[in-house]
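Below: one structure, written as structure tokens.
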Amino acid sequence: MLEFLRHYGLPISLSKSGPGIDEIIVLTHWLMLALFIGWGTFFIITLVKFRSSNNSNADYKGVKSHISSYLEAAVAIVEIVLLIGFAFPIWANRVNNVPSSNDGIIHLRVVAQQYAWNIHYPGPDGLFGDLKPELVDEVSNPIGLDRSTPDALDDFYTINQLHIPVNRKIRIDLTTKDVIHSFKLPELRVGQDAIPGMSIPIHFEATMTSDQFLVEMEGTPREGKGLEIACAQLCGLGHYRMKGYLSIDTEDQYNDWLAVQAEYLLEDNEEDEWGDEEDW
Amino acid sequence: MSNDHNHHEESFFRKYIWSTDHKIIGIQYGFTALFFLLVGFSLMMVMRWQLAYPETRIPFVGSIFGDDGILLPEIYNSLGAMHGTIMIFLGIVPLAVGAFGNYLVPLQIGAPDMAFPKLNAASYWSYLVGGLVMMSSFFTEEGAARSGWTSYPPLADIEVGQTIWLIGMIFLITSSLLGSMNIITTIVQLRAPGLTWMRLPFFVWAQLVTSFLLVLAFPPLEAAAVLQLMDRVVGTSFFLPSGLVVSGELMEVSGGGSPLLWQHLFWFLAHPEVYVLILPAMGIVSEVIANNSRKPLWGYNSLVFATIFLGFMSFIVWAHHMFLTGMGTAMSAFFQTTTMIISIPSVIILSALFISLWGASIRFNTPMLFALAFLPMFGIGGLTGLPLGLAAADIYLHDTYYVIGHFHYVVAPGTIFGLFAGIYYWYPKITGRKMNESLGKLHFWPSLLFMNGIFMPMFIQGLAGVSRRLWDGGLEYAHASGVFHWNEFMSISAWLLGLAQIPFILNVFYSIFRGEKVDNNPWESTTLEWSAPSPPLPHVNFETLPTVYRDPYEYSLPGRNRDFTPQSEPKKNK
Amino acid sequence: MSNSHDSSDIKNHIKVYLYVFGALAILTVLTVAASYLKLSDGEAILLALIIASVKGSLVAGYFMHLISERAMIVWILMLTSGFFFVLMLIPMLSYIDQARLG
Amino acid sequence: MNIPYTVEERPDTGLYNAKLGVWLFLASEVMLFGGLFSAYIFLRFGAPAGAFHEWGQELNVPLATFNTMILITSSVTMVMSWASLKLNDFKKFKLYMGVTLLCALVFLFIKYLEYTAKFDHHIYPSTNTFYAIYFTLTGLHGLHIIGGMAVLFYLWLPGNKMWNSDPEQFTNRIEIVGLYWHFVDLVWIFLFPILYLL
Ligand code: HEA
Ligand code: HEA
Ligand code: CUA
Ligand SMILES: [Cu+2]
């Protein structure tokens with residue numbers, strides 16, 4: 001079934017939690033298929049067998065057995081298994097096991113806005129500066145970072161460029177400045193609405209670098225196109241083009257990239273680019 | 001009642017426009033709703049051009065959308081929001097409840113009219129006003145609402161066009177409330193003598209439960225609409241938290257509100273609403289299947305109880321639309337469980353209908369074809385609801401085309417087919433003439449084919465993770481590159497589906513004058529409406545009000561020379 | 001009420017109405033008085049809602065004759081109040097649930 | 001046209017049509033105010049601790065208490081006017097109904113005083129979430145009063161004619177609007193503590 005769904009669209013999974021989610025999708029589709037094939041066969045047989053030209057007298061009583069009750073009970077049982085065995089635990093893992101900064105993880109913030117993703121890195125100290133709405137300036141300070149505190153001094157942010165190292169736990173605190181957006185990394189099976197006034201943590205761990213992914217994609221329509229952050233919630237007229245770029249780096253690549261960003265910070269270069277295809 | 005017969009002639013105006021006769025109101029509802037369905041579909045046919053061939057000139061109608069004839073993203077969003085709104089609130093609900101409920105419920109229970117004829121008329125006029133208000137928004141400077149039919153704030157609070165949408169909704173909600181109270185009272189109070197609860201045709205049960213859903217679920221949305229209107233007009237911030245920065249400007253509102261409040265109030269209605277869309281269609285399909293299988297519905301009791309249970313449960317599943325709003329384990333577990341529970345009555349209903357066919361003598365006429373097609377189509381739609389109901393799978397599938405595919409299978413080849421079946425089936429009762437069978441089949445087969453052509457590839461796109469409400473159909477996104485090409489296929493299917501409606505429209509109008517003339521009971525049916533003249537008498541329906549002696553579907557009763565026994569036929573020895 | 005009531009019945013009713021009126025007046029004064037007590041927020045809310053519910057039940061039970069109303073109506077209202085509490089409770093629980101997100 | 005059970009009761013349900021109709025309407029009203037109460041709870045939870053109470057301090061409790069009494073009184077006179085019809089005493093009906101209408105007028109007048117006092121202090125619905133929900137709830141309640149008054153007035157003045165032509169139906173009508181009127185009173189009984197006292 002997984003191959004089947006893969007063939008029909010489902011991308012390969014690049015994250016640790018991906019297989020779990022795929023599994024539940026696969027199992028539900030087995031249930032769906034079984035019901036559909038079962039009833040479908042019954043349906044077609046009845047239509048052929050009991051067409052009026054074949055069977056001119058209907059049977060007043062009809063089916064007397066209780067097979068359908070057993071069937072309904074079976075559906076209920078399968079659903080219970082899906083719920084308890086898969087859906088609940090996966091969800092619990094998602095919302096309960098949020099790692100905290102001192103677990104040696106990568107901790108980032110993402111601030112969505114009408115039609116861009118701002119990625120806020122805490123810098124070497126691992127501490128985030130405060131974000132203040134009144135400090136927001138679309139050009140010089142899109143997330144309203146308050147540079148006056150020491151925590152904020154080494155913070156930097158990018159627009160639409162999310163770099164993460166492979167095989168490390170990532171935690172992202174997701175929020176938005178204006179309307180509801182939805183942060184979606186299809187290949188990592190990550191999805192979460194960004195709701196104004198709330199900061200929602202999500203966590204995942206990538207299992208493949210972008211370079212490896214690009215190699216995997218050779219020969220498919222996806223060839224040469226890397227990973228991206230999609231917006232899954234209608235957020236205005238630019239919703240369709242609200243896309244960020246995701247780079248899953250090796251540890252070394254990631255550190256290099258961090259170093260480059262730190263240099264930018266020294267150069268006091270406040271202007272940020274909005275990212276483009278070059279950034280993959 | 002006798003004095004009604006020698007009632008002085010009513011003026012044309014009283015008789016056909018300002019009427020309080022449930023049949024006239026039902027027909028008014030029917031034509032208005034069909035017209036809106038066509039409008040909603042037309043919007044989508046335009047949108048599908050942009051999805052198939054992004055940023056190219058739209059043929060024929062391009063000039064409406066500006067000199068270069070390209071559909072701008074803001075207009076795309078407007079058309080999308082209005083497509084959803086029109087289809088649901090101006091199309092299906094008025095057709096299923098307003099038209100079918102109005103026309104058939106009094107006839108099927110042997111009543112002379114609805115319990116409150118004047119309210120009934122008021123309900124229609126309120127609907128029409130609401131519809132006109134909605135449509136008028138296209139012609140304003142700001143344009144129509146463009147925040148989706150779900151109207152999530154803060155977007156809906158700050159986007160243009162939303163105010164008129166809200167005002168329109170208030171009219172539509174009022175209309176539905178009036179209509180559904182009327183239907184409940186009618187069913188409870190005006191049943192013919194002998195028509196006990198368990199002798200009601202299943203369609204009447206479906207309408208009863210539907211009406212309860214409307215009466216109890218719509219008011220919170222009305223409240224929410226008022227709140228959003230306040231946010232937009234007097235500057236409150238029910239749905240706006242503090243510290244919003246829109247286009248670089250700090251919003252000057254008091255803040256302190258919550259966007260999730262809207263979602264709760266909206267889905268408190270909108271989940272029951274989806275059962276409002278499906279139950280009447282299930283009712284129609286059951287009637288048509290019982291009639292054309294020439295045997296009683298299998299498991300009538302379980303159908304009724306499943307329907308009641310479904311209605312009841314539909315009030316406690318709504319947050320399955322909100323899994324990704326930051327829900328914890330307890331809430332999500334609750335809603336996943338109720339969502340799985342609610343799928344069981346649907347399985348029961350569908351099973352009962354399938355099993356009803358076993359041992360039947362099936363007549364494949366046009367209404368029956370639509371009714372039969374309903375079953376697997378609803379099946380696909382319902383089954384694809386299951387992964388969405390499991391929060392873990394919904395993480396991936398939420399707001400993708402998978403969801404669009406899911407619900408279109410239930411509403412389009414599901415509900416719309418059910419309604420088509422109903423139109424073909426009861427047309428002779430309304431006009432005294434049958435619709436043309438050949439045109440009917442010419443309508444059915446292409447419709448079935450193209451419906452699947454549109455909606456099946458949506459699952460593929462959804463599995464690939466393509467989001468809904470994308471102006472360019474996903475062209476911008478790399479992850480859509482493997483499935484983008486389906487858009488053209490789907491769009492062509494949609495336009496061909498449009499063509500496939502031409503035989504239907506012709507048939508409806510042609511058969512009024514030229515259709516085959518038939519007697520009062522052309523389908524040899526058992527329920528009460530067929531014992532009334534065709535068309536039923538103005539205001540009184542029946543020559544004498546019927547009395548009921550039997551269950552609703554006494555087909556092929558052993559030991560009789562006819563294979564149907566009307567409900568109003570007395571039992572001999574008793 | 002049905003027309004089966006004769007006038008002595010109605011006269012009894014009128015007496016009841018006046019008692020209820022008295023009770024409502026007293027309870028109104030009580031709620032206001034209670035709001036001057038030094039109660040914690042939770043207690044104050046609970047007390048006020050209890051008093052309001054008693055008043056509400058009096059109005060519904062006697063002025064609206066619910067106490068002797070037909071089963072059908074009572075069922076409909078029970079259904080309604082069930083959903084009413086669902087509508088109060090679930091958004092509230094979900095709010096509390098999401099408070100952990102800050 | 002002759003619809004059964006418009007005046008007399010249907011034997012097996014024990015109801016006449018309008019009675020069931022109005023109860024269904026009230027059920028929908030319960031859900032309407034339910035939506036707003038739900039909003040109230042949401043906003044109260046969302047506001048800083050104690051803020052709702054504090055913001056509410058501007059409200060005039062004695063005036064509102066008086067208004068509560070007025071509304072309760074109008075409810076009693078309403079039910080008395082129905083009882084008078086039952087006792088065939090049309091004069092008394094006119095009197096009680098008149099008092100009910102008068103109470104409603106007084107209630108609205110006091111509401112008007114309260115509103116203008118707020119506006120004078122530059123308190124508007126947009127001031128904070130408490131006043132947003134305060135004005136919405138009381139405003140919607142006020143609209144219900146106005147709507148009710150229109151119907152009451154219609155039954156009060158031209159009432160003679162209806163009473164003379166079909167007393168039973170007229171009594172039913174009074175019972176129906178009575179139910180609505182008591183419901184509006186009932187809503188206020190809850191609005192009063194949650195807005196003014198807590
Ligand atoms: C008529 C309309 C209708 C119906 C009946 C349903 C029925 C169901 N829906 Fe659907 N739904 C919608 C209309 C409908 N839905 C709409 C409009 C949306 C999107 C709104 C928006 O966001 O814009 C939506 C969205 C939606 C979501 C949110 C998705 C998301 O946004 O992420 C979810 C999640 O749980 C869901 C679940 C279900 C479930 C479990 C059912 C169940 O009730 C289904 C039960 C049925 C079955 C289980 C089928 C039984 C089948 C058989 C017995 C065998 C069949 C075999 C053959 C035919 C051969 N639906
Ligand atoms: C009842 C609800 C309903 C129905 C029936 C339909 C029917 C159809 N819908 Fe739609 N749709 C929605 C409700 C519905 N839809 C909603 C709620 C959304 C989400 C909106 C949002 O994002 O906010 C949506 C979104 C939506 C999208 C996604 C847009 C996007 O996300 O960007 C698409 C894309 O293809 C689509 C297509 C179609 C098509 C091709 C049909 C076809 O099946 C249409 C078939 C119609 C007919 C066959 C008409 C028949 C009528 C006649 C023939 C008239 C005859 C007249 C006389 C006799 C007088 N719909
Ligand atoms: Cu952001 Cu869509
Ligand atoms: Cu739902």
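The figures here come from the full heavy-atom set of this structure, side chains too, leaving out hydrogens, waters and symmetry mates. Each chain gets a letter, A, B and so on, in the order the sequences are listed, and its residues count up from 1.
Of the possible polar contacts, one joining the D:Thr138 side chain to the D:Tyr134 backbone as a donor-acceptor pair under 3.5 Å is found. Distance alone, capped at 3.5 Å, is enough to place a donor-acceptor pair between the D:Tyr180 side chain and the D:His144 backbone.
Relative orientation of the D:Phe153 and D:Trp156 rings is tilted, given thresholds of 30° and 60° on the angle between their planes.
Using a 4.0 Å cut-off between charged side-chain N and carboxylate O, D:Lys19 and D:Glu9 make no salt bridge.
Residues D:Thr100 and D:Ser74 have side chains that never bring a donor and an acceptor to within less than 3.5 angstrom of each other.
Comparing C:Ile73, C:Leu58, C:Asp41, C:Val29 by how many heavy-atom pairs each has under 4.5 Å with chain D, the most go to C:Ile73. Counting heavy-atom pairs closer than 4.5 Å to chain D, the top-ranked of the candidates C:Ile96, C:Thr31, C:Thr28 is C:Thr28. For chain C, the option among D:Asn88, D:Val30, D:Thr171 with the highest count of heavy-atom pairs below 4.5 Å is D:Val30. The residue among C:Ile90, C:Leu89, C:Val32 with the most heavy atom pairs within less than 4.5 Å of chain D is C:Val32. When the candidates C:Leu79, C:Leu49, C:Leu18, C:Val59 are compared by the number of heavy-atom contacts under 4.5 Å with chain D, C:Val59 comes out ahead.
Heavy atoms closer than 4.5 Å to chain D are found in the side chain of C:Ile76, but not in its backbone. Proximity to chain D is limited to the side chain of C:Ser35, based on heavy atoms less than 4.5 angstrom apart. Neither the backbone nor the side chain of C:Ala71 comes within contact range of chain D; no heavy atoms are under 4.5 Å apart. Contacts between C:Leu66 and chain D at a heavy-atom distance below 4.5 Å involve the side chain alone, from C-beta outward. Contacts between C:Ser53 and chain D at a heavy-atom distance below 4.5 Å involve backbone atoms as well as side-chain atoms. Contact of C:Leu77 with chain D is made through the side chain alone, with heavy-atom distances under 4.5 Å. For chain D, the nearby part of C:Met72 is the side chain; its heavy atoms alone come within less than 4.5 Å.
For D:Ile145, the side-chain contact (heavy atoms from CB on, under 4.5 Å) test picks out D:Leu71, D:Ala104, D:Phe107, D:Leu108, D:His141, D:Met149, D:Trp181, D:Val184, with sequence neighbours left out.
Scanning both residues, D:Asn17 and D:Pro4, for their nearest heavy atoms gives ND2-O, 3.0 Å. C:Leu39 and C:Ala34 make their closest contact through CD1-O, 4.4 Å (heavy atoms, listed as atom of the first residue, atom of the second, distance).
Residues of residues 110-120 of chain D never come within less than 4.5 angstrom of chain C, heavy atom to heavy atom. Heavy-atom proximity under 4.5 angstrom to chain C picks out D:Gly34, D:Gly35, D:Phe37, D:Ser38, D:Ile41, D:Phe42, D:Arg44, D:Phe45, D:Gly46, D:Val61 from residues 32-62 of chain D. Residues of residues 185-198 of chain D lying under 4.5 angstrom from chain C, judged on non-hydrogen atoms, are D:Asp185, D:Leu186, D:Ile189, D:Phe190, D:Phe192, D:Pro193, D:Ile194, D:Leu197, D:Leu198 in numerical order.
None of D:Arg10, D:Gln169, D:Glu8, D:Glu175 except one satisfies the side chain to side chain donor-acceptor pair (under 3.5 Å) rule with D:Tyr16; the exception is D:Glu175.
The environment of NZ in D:Lys92 is sparse: at most 12 heavy-atom neighbours from other residues, nucleotides or ligands sit within 6.0 Å. Open room surrounds CZ on D:Phe66; 12 or fewer heavy atoms of other groups in view lie less than 6.0 Å from it.
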